[in-house]
There are 2 protein chains.
Amino acid sequence: MLLAERHQLILEQLNIHGRITSVDLAKLLAVSEDTIRRDLNKLGELKLLRRVHGGALVLQEDTPDYFDRLNSPDPSKKRFIQPALAMLEAGQTIVIDSGETCRYLAQNLPANLPLTVVTGCPLIVQDLMQHPQVQVIQLGGRMFKPAMRTTGSSAIEMLKQIRFDLVFMGICAFHVKHGFCVNYFEEAEVLRATIEQADRTILMGPHDKLDKTMTYQIVPAQKIHHIITDQGVRADIQASIEELGIELEIVPNK
Amino acid sequence: MLLAERHQLILEQLNIHGRITSVDLAKLLAVSEDTIRRDLNKLGELKLLRRVHGGALVLQEDTPDYFDRLNSPDPSKKRFIQPALAMLEAGQTIVIDSGETCRYLAQNLPANLPLTVVTGCPLIVQDLMQHPQVQVIQLGGRMFKPAMRTTGSSAIEMLKQIRFDLVFMGICAFHVKHGFCVNYFEEAEVLRATIEQADRTILMGPHDKLDKTMTYQIVPAQKIHHIITDQGVRADIQASIEELGIELEIVPNK
DNA sequence: TTTAAATACGCAAAAACACGCATAAAAATA
DNA sequence: TATTTTTATGCGTGTTTTTGCGTATTTAAA
């Protein structure tokens with residue numbers, strides 16, 4: 001086995017499990033622990049993983065606090081919302097999840113389009129209160145500060161009583177094998193309940209999120225119907241996504 | 001489990017619950033309490049949490065400006081909230097209703113007071129998301145635009161499952177004979193359900209609202225426990241209010 | 001003040017690690 | 001192809017890190 005090949009396999013394993021120990025890798029790849037340690041140190045230097053005592057962890061993409069992001073909104077995320085807007089029809093009941101891209105979507109709903117919008121994010125509720133034609137349903141529950149959204153059984157109970165035509169969510173991490181993931185158990189529960197009630201689930205986000213995993217799987221990949229992303233998706237990933245029957249829509253990079 | 005992984009999980013738990021004990025963590029992560037203490041001390045040194053006897057708390061220094069809110073639009077309403085703040089005790093579960101005075105109350109909750117706050121107003125939810133010690137419960141339901149609050153059976157169902165120590169509301173209209181009133185049927189329903197669950201209901205508002213009626217009665221006057229108002233209450237009205245056993249607290253007119 | 005819980009400290013065992021070195025494998029060059 | 005050069009690997013040795021336990025001390029609440 002070649003070194004580069006081994007590095008590739010290590011990163012793959014890491015992507016799958018989120019964590020990996022030197023001992024396990026040594027056994028799996030049938031090399032000495034020293035070799036594995038050298039590999040991990042090298043990959044750590046290259047910022048491809050987070051080297052820790054005993055093994056390695058996936059790089060925690062720093063999710064800055066929501067309020068930090070509020071102060072520095074990223075207008076480049078607006079490009080994802082045009083295809084989303086094109087799917088809307090009068091009278092639909094839709095979910096707009098929390099997150100920056102979702103908020104752009106909420107803020108740009110056509111003024112003459114009557115919709116029922118369900119959301120657990122108070123910022124989006126507030127944005128939509130200005131809208132003349134939209135009826136807003138606020139999801140109840142305990143507010144989960146890191147994601148600026150409601151979670152818990154109250155939210156889930158409420159979701160179970162509604163059926164949605166469309167659900168729009170941002171992509172935290174998506175992977176063909178390991179599905180749609182987030183980093184918080186509580187968040188995953190609510191998102192799963194939301195998708196369960198949806199005729200069609202649409203994810204929006206940059207292409208580099210399409211080969212990522214995080215700790216908690218929300219749903220397997222095939223439960224997603226539509227992904228809106230930008231240019232740069234690896235050809236093999238694009239192929240396997242489309243093989244699952246997911247519609248992949250690519251917008252120009254700005 | 002790797003050490004770094006454990007640190008991550010501790011921070012996650014802390015993020016969720018706001019506080020955490022060494023004993024609970026030791027059980028949850030299946031390691032000795034010594035290990036947990038070493039973890040907490042380390043994370044405390046790194047300023048990732050606040051180490052206290054028995055466990056750890058979330059850092060609260062990231063919101064140093066929580067008190068610099070005294071530049072609110074209508075400072076005259078600030079005078080109603082001081083007596084309200086004096087009633088608060090650590091650990092209580094309270095309702096802060098929608099409205100300008102209520103919002104002012106929410107914005108001025110002491111930063112070091114741990115409370116559970118229930119509200120149906122997204123603006124207040126948003127204000128409180130920056131509070132380091134308050135757990136926020138958002139009432140679900142259909143947003144009622146004129147009052148910027150949730151209404152309907154979802155909200156009422158949710159309310160029925162919680163008991164409140166204190167409920168704070170602004171005064172739309174209060175009358176000794178005709179009770180506490182508002183102009184919308186939907187709003188009255190929700191407010192009634194809220195008061196039903198409260199040990200103590202406190203109204204805040206100027207004295208001229210104390211001899212007013214509106215279309216829909218929420219509850220009869222004697223269901224209210226405490227009214228905070230300003231100078232100028234007619235003597236006979238004051239007498240009949242106090243006759244009903246309602247505590248009438250009068251603050252100086254500025 | 002008393003008392004139980006939480007903590008700090010030292011110690012020892014186990015695990016993970018770094019380093020040097022000899023050898024094997026791969027790559028480059030003649 | 002043969003030979004040299006470079007790189008990668010495994011092993012032995014010594015070091016560092018992590019962890020749990022026993023004991024003494026501190027803390028917080030009754």
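Proteins get letters first, then strands, A, B, ... in listed order; numbering begins at 1 in each.
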Residues two or more places apart in sequence or in another chain: which of them pass side chain to side chain contact (heavy atoms under 4.5 Å, CB included) with B:K27? B:V23

Sequence-distant partners of B:E247, salt bridge (charged side-chain N to carboxylate O under 4.0 Å, His left out), two or more places apart: B:R200

Would you say D:dG10 has OP1 or OP2 under 4.0 Å from some side-chain N or O of A:T35? yes

For DNA chain C, which nucleotides open and close the run of contacts to chain A, 5' to 3', at under 4.0 angstrom from a non-hydrogen atom? C:dA16 to C:dC19

Rounded to the nearest Å, what distance is computed from the NE2 atom of residue A:H53 to the C1' atom of nucleotide D:dT19? 10 Å

Please name all residues satisfying salt bridge (charged side-chain N to carboxylate O under 4.0 Å, His left out) with A:D211, sequence neighbours left out, ordered by chain then number. A:R234

How many whole angstroms separate atom CZ of A:R37 from atom C1' of D:dC11? 12 Å

Tell me every residue that passes ring-ring contact (aromatic ring centres under 6.0 Å, His included) with A:H175, counting only those two or more places apart in sequence or in another chain. A:H178

A:E196/A:K160 salt bridge by N-O under 4.0 Å criterion: no

Who passes side-chain hydrogen bond (donor to acceptor under 3.5 Å, both in side chains) against B:D165, sequence neighbours left out? B:R163

Across the strands shown, which category fits B:D39 at heavy-atom distances under 4.0 angstrom: base, sugar-phosphate, nothing? nothing

note: B:R38, atom CZ; D:dT17, atom C1'; distance rounded to Å ~ 11 Å

Which angle, to the nearest 10 degrees, lies between the helix axes at the two ends of the helix from C:dT1-D:dA30 to C:dA30-D:dT1, each defined by five pairs? 50°

Below 3.5 Å, can you tabulate the donor-acceptor pairs from side chains in residues 41-48 of chain A to any protein atom, sequence neighbours excluded?
unit_1: A:N41; atom_1: OD1; unit_2: A:R51; atom_2: NE; d: 2.8
unit_1: A:N41; atom_1: ND2; unit_2: A:R37; atom_2: O; d: 3.3

Atom-pair distance (CG on B:N41; C1' on D:dT19), nearest Å: 15 Å

Sorted by chain and residue number, the side chain to side chain contact (heavy atoms under 4.5 Å, CB included) partners of A:P206 (sequence neighbours excluded) come out as A:F80, A:D208, A:K209, A:D230

Tell me every residue that passes salt bridge (charged side-chain N to carboxylate O under 4.0 Å, His left out) with B:E157, counting only those two or more places apart in sequence or in another chain. none

Close approaches to DNA chain D from residues 18-34 of chain A, in residue order (heavy atom, under 4.0 Å): A:V31, A:S32, A:D34

Return the value, rounded to whole Å, for the distance between atom CG of B:L3 and atom C1' of D:dG20. 14 Å

Modelled atom types, side-chain donor and acceptor of B:Q13 and B:R19, under 3.5 Å: no

Could you pull out all residues at least two apart from B:R192 that satisfy salt bridge (charged side-chain N to carboxylate O under 4.0 Å, His left out)? none

